[in-house]
Number of protein chains: 2
Amino acid sequence: MASIGDMVAGETTNRIDTQLSEFIGYGMKRALSIVQADLSRVLSEFGLRAVSFSALSIIVGHPGLTQTQLADALQIERSNLVTLIDELAGRNLIIRAPVAQDRRRHALMPTPAGKKLAVAARAAVETHERDLFSCLTGQEQDDLKRLLKKFRQAASA
Amino acid sequence: MASIGDMVAGETTNRIDTQLSEFIGYGMKRALSIVQADLSRVLSEFGLRAVSFSALSIIVGHPGLTQTQLADALQIERSNLVTLIDELAGRNLIIRAPVAQDRRRHALMPTPAGKKLAVAARAAVETHERDLFSCLTGQEQDDLKRLLKKFRQAASA
DNA sequence: TATTGTTATACTCTATAACTATA
DNA sequence: TATAGTTATAGAGTATAACAATA
């Protein structure tokens, strides 16, 4: 049963973080968690997680790159990439091809199945974003994308 | 030594994720990790993490709320809140006050030290955001904040 | 000596189930 | 029966050090 005890300082509990929402970082974190929940649901139909979708997409777009390059691109540790690559290779979505000039390196190459899955998953992710961000106008979506890009470029330099 | 092997498909490795950057979610994730790294550095001077700063801020702003209410506000599990509250209480920043009307509940109250730390930490976080987002104009910062808020409100409904 | 991929490991974060005391 | 806080635990995710093969 609802009572005055369910209120805090006269506010409903679903607006209790107003002060924190003044911080862009907090807004980003809460927004991202909404996106991630929906994205995970979408990608699970392809047997992918966000990080494996990202890895596969980059390998398809840049065939022949090495694990170190991929780790740098995704900002994850090389060591943590190993099992991810194992997973994709185990499903025959990519292969670790030997590099003649440097036998330490593996050239990551997508298989036909990997390319096909990447294309299908990308379409699903595009639909997911279109639906999820339909609450924003096209202009607002572009603005948001642009501001995030601008911030990333400037702040990581 | 640099060589043609350091390039992938004729691009430098630091722009290898262009395709993924078309996704707002990807942009959010990468932007957030930059913010989090800087925020962690700033808050460590107060012995706080992002989540403990958030919890303390909410308790200061809404004294008397219960752990369940706080967990709902921060979107974390009640079970995972316990050690966080233990930590803040152990440092005498908050207390778990008994609630006369319902002895199952704890009213979370900030101590004077907790209020003082929250104010100081908030000022530091404001400075951190001002500096970090100085690469965006004031208008752009407001736009970003507004778009994140609008998305959160619409998408979580 | 340095780099690439790898293994092992530890630490944090998060999610779930079950318990207790209260209602 | 249901709820608030708690405990225990398992699964992700992430960070670090050290190793073998190769440069």
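In what follows, every chain begins at residue 1, and chains take the letters A, B, ... in the order their sequences are listed.
A/Gln69 has its CD atom 14 Å from the C1' atom of C/dG5, to the nearest Å. Between A/Leu84 atom CG and D/dT14 atom C1' there is a gap of 13 Å when expressed in whole angstrom units. The separation between A/Leu74 atom CG and D/dA15 atom P is 13 Å, rounded to whole Å. Distance CD (B/Gln101) to C1' (D/dA4): 15 Å, rounded to an integer number of Å. For the pair B/Arg105 CZ and C/dA23 C1', the interatomic distance rounds to 10 Å; values are reported in whole Å. Between the P atom of D/dG13 and the CD atom of A/Gln36 lies a distance of 10 Å, rounded to the nearest Å. When rounded to the nearest whole Å, the span between CD1 of A/Ile85 and P of C/dT7 equals 13 Å.
One finds no salt bridge joining B/Arg91 and B/Glu87 here, because no Lys/Arg side-chain nitrogen approaches an Asp/Glu carboxylate oxygen to under 4.0 Å.
Projected onto DNA chain D by closest heavy-atom contact, A/Arg78 and B/Leu81 fall at different nucleotides, the more 5' of which corresponds to B/Leu81. Nucleotides of DNA chain C nearest to B/Val51 and A/Arg96 differ in position, and the one nearer the 5' end is that of A/Arg96. Map B/Asp86 and A/Asn80 each onto its nearest nucleotide of DNA chain D; the residue landing nearer the 5' end is B/Asp86.
A/Gln67 places no side-chain N or O within donor-acceptor distance of the main-chain N or O of A/Leu81, the cut-off being under 3.5 Å.
Counting non-hydrogen atoms under 4.0 angstrom, B/Glu77 reaches a base of the nucleic acid.
The base of C/dT16 sits within donor-acceptor range of the side chain of B/Ser79, with an N or O pair under 3.5 Å.
Taking only side-chain atoms of B/His106, from C-beta outward, the nucleotide of C/dT22, C/dA2, D/dT6 with the closest atom is D/dT6. Taking every side-chain heavy atom of A/Gln67 into account, C/dT6 is the closest of D/dT3, C/dT6, D/dT6. Which of D/dT6, D/dT3, C/dG5 sits closest to the side chain of B/Arg104 comes down to D/dT3. When distances run from any side-chain atom of B/Asp102 to the nucleotides D/dA17, D/dT6, C/dA23, the shortest one goes to C/dA23.
A/Arg49 has no side-chain polar atom (N or O) that falls below the 4.0 Å cut-off from OP1 or OP2 of D/dA12. B/Arg103 has a side-chain polar atom (N or O) that falls below the 4.0 Å cut-off from OP1 or OP2 of C/dT22.
With contacts defined as side-chain heavy-atom distances shorter than 4.5 Å, the pair A/His106/A/Ile85 does not qualify.
Between A/Ala155 and B/Ile34 the shortest heavy-atom distance is CB-CG2, 4.0 Å. In plain terms, the two heavy atoms of B/Thr111 and B/Asn92 that are nearest each other are OG1-O, 2.6 Å.
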